Amino acid sequence: GESVGLHLPTLSVQEGDNSIINCAYSNSASDYFIWYKQESGKGPQFIIDIRSNMDKRQGQRVTVLLNKTVKHLSLQIAATQPGDSAVYFCAEPSGGYNKLIFGAGTRLAVHP
Amino acid sequence: GAVVSQHPSRVICKSGTSVKIECRSLDFQATTMFWYRQFPKQSLMLMATSNEGSKATYEQGVEKDKFLINHASLTLSTLTVTSAHPEDSSFYICSARGSGGRTDTQYFGPGTRLTVL
């Protein structure tokens with residue numbers, strides 16, 4: 001069945017380093033993916049998305065890479081800052097875009 | 001733009017009482033709203049999808065008589081947890097999807113922390 005999962009539940013990085021958060025998906029027909037950031041006690045915040053006709057998409061300090069061959073996507077955060085500390089979820093629309101399926105989430109902890 | 005609000009942000013109630021949570025799209029019309037539940041250190045789990053003017057569609061395992069959803073207007077959906085029990089304590093998050101623009105973009109509210117004593 002459909003599933004979106006994450007390789008690492010937690011990730012600790014030093015401030016200024018680059019962070020890479022990974023996500024695997026199982027549905028080879030998936031054509032759209034979204035990364036969300038959720039700070040403690042808050043709702044998810046859209047970060048960046050990517051469609052399956054692209055391998056890479058860049059935003060401000062963030063880059064999402066999509067490898068359709070191995071059904072894997074990653075979120076790269078450049079020059080990680082303390083404000084980046086949060087849980088990051090990959091998500092995938094399902095049911096004809098009628099709902100989102102969320103991965104398990106990765107907690108990013110940024111240390112000074 | 002695309003702001004979604006929830007009220008209340010935090011609620012504590014006694015076991016057996018009912019609690020209503022509101023979700024509003026502030027600057028756009030939401031034809032579809034979604035309700036999620038999130039337990040500590042877990043992911044978001046979709047509870048139900050509501051379309052304005054029609055009955056909500058519940059995910060498997062979610063009791064529709066316990067979690068009443070009303071989407072009476074294009075800017076408001078409510079979730080009522082009836083006869084709440086301690087196991088219903090959770091973080092409830094709504095999201096809304098607009099009727100125009102990107103149909104695959106959901107905008108999330110800030111969440112409501114429910115604690116049932």
Side-chain angles (χ1 to χ4, degrees), chain A residues 1-11 21-25 27 29-54 57 59 85-109, chain B residues 1-11 21 23-26 30-51 54 56-60 62 90-99 101-115:
Chain A
E2 296 174 327
S3 68
V4 181
L6 294 173
H7 293 303
L8 298 173
T10 59
L11 178 64
I21 300 171
N22 298 302
C23 182
Y25 62 95
N27 185 2
S30 299
D31 61 359
Y32 179 62
F33 303 91
I34 311 164
W35 281 99
Y36 286 95
K37 172 187 180 183
Q38 186 180 28
E39 297 177 86
S40 181
K42 297 183 179 180
Q45 177 187 0
F46 174 91
I47 300 175
I48 193 169
D49 58 0
I50 189 169
R51 295 198 176 275
S52 60
N53 60 351
M54 302 173 69
R57 190 170 186 214
S85 295
V87 178
Y88 290 82
F89 295 96
C90 60
E92 171 189 8
S94 177
Y97 288 89
N98 283 331
K99 55 186 180 181
L100 282 175
I101 304 298
F102 281 82
T106 292
R107 179 172 298 280
L108 177 63
Chain B
V3 178
V4 177
S5 70
Q6 284 184 238
H7 177 79
S9 60
R10 187 181 295 266
V11 57
I21 303 170
C23 176
R24 293 182 185 273
S25 56
L26 300 185
T31 52
T32 305
M33 287 186 170
F34 305 85
W35 287 96
Y36 295 83
R37 180 168 52 184
Q38 186 179 32
F39 293 107
K41 298 183 180 180
Q42 294 189 23
S43 188
L44 284 75
M45 297 300 295
L46 180 65
M47 299 175 65
T49 303
S50 73
N51 292 295
S54 61
T57 301
Y58 290 81
E59 294 299 300
Q60 191 172 8
V62 178
S90 188
F91 194 49
Y92 291 87
I93 306 170
C94 74
S95 70
R97 188 172 69 199
S99 58
R102 299 185 61 125
T103 59
D104 46 11
T105 301
Q106 294 185 25
Y107 300 97
F108 285 83
T112 297
R113 175 77 59 192
L114 170 63
T115 302

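Lettering follows sequence order; numbering is per chain, from 1. This one's a predicted model, so the numbers in the text were calculated from it and none came from an experiment.
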Which portion of B:Thr49 sits near chain A, non-hydrogen atoms under 4.5 angstrom:
side chain
Hey, what do you get for CD1 (B:Ile93) to OH (B:Tyr36), rounding to the nearest 0.5 Å?
9.5 Å
Residue list, salt bridge (Lys or Arg N to Asp or Glu O under 4.0 Å) with B:Arg24, at least two apart or on another chain
B:Glu22
Examine whether an atom of B:Gln38 lies under 4.5 Å from a heavy atom of chain A, and if so say whether it belongs to the side chain, the backbone or both; otherwise answer neither.
side chain
Could you look at A:Glu39 and say if it's the side chain, the backbone, both or neither that has a heavy atom under 4.5 Å from chain B?
neither
What residues form a ring pair (Phe, Tyr, Trp, His ring centres under 6.0 Å) with B:Tyr92, not counting sequence neighbours?
none
Over 60° means perpendicular and under 30° means parallel, so tell me whether A:Phe102 and B:Phe108 are parallel, tilted or perpendicular.
perpendicular
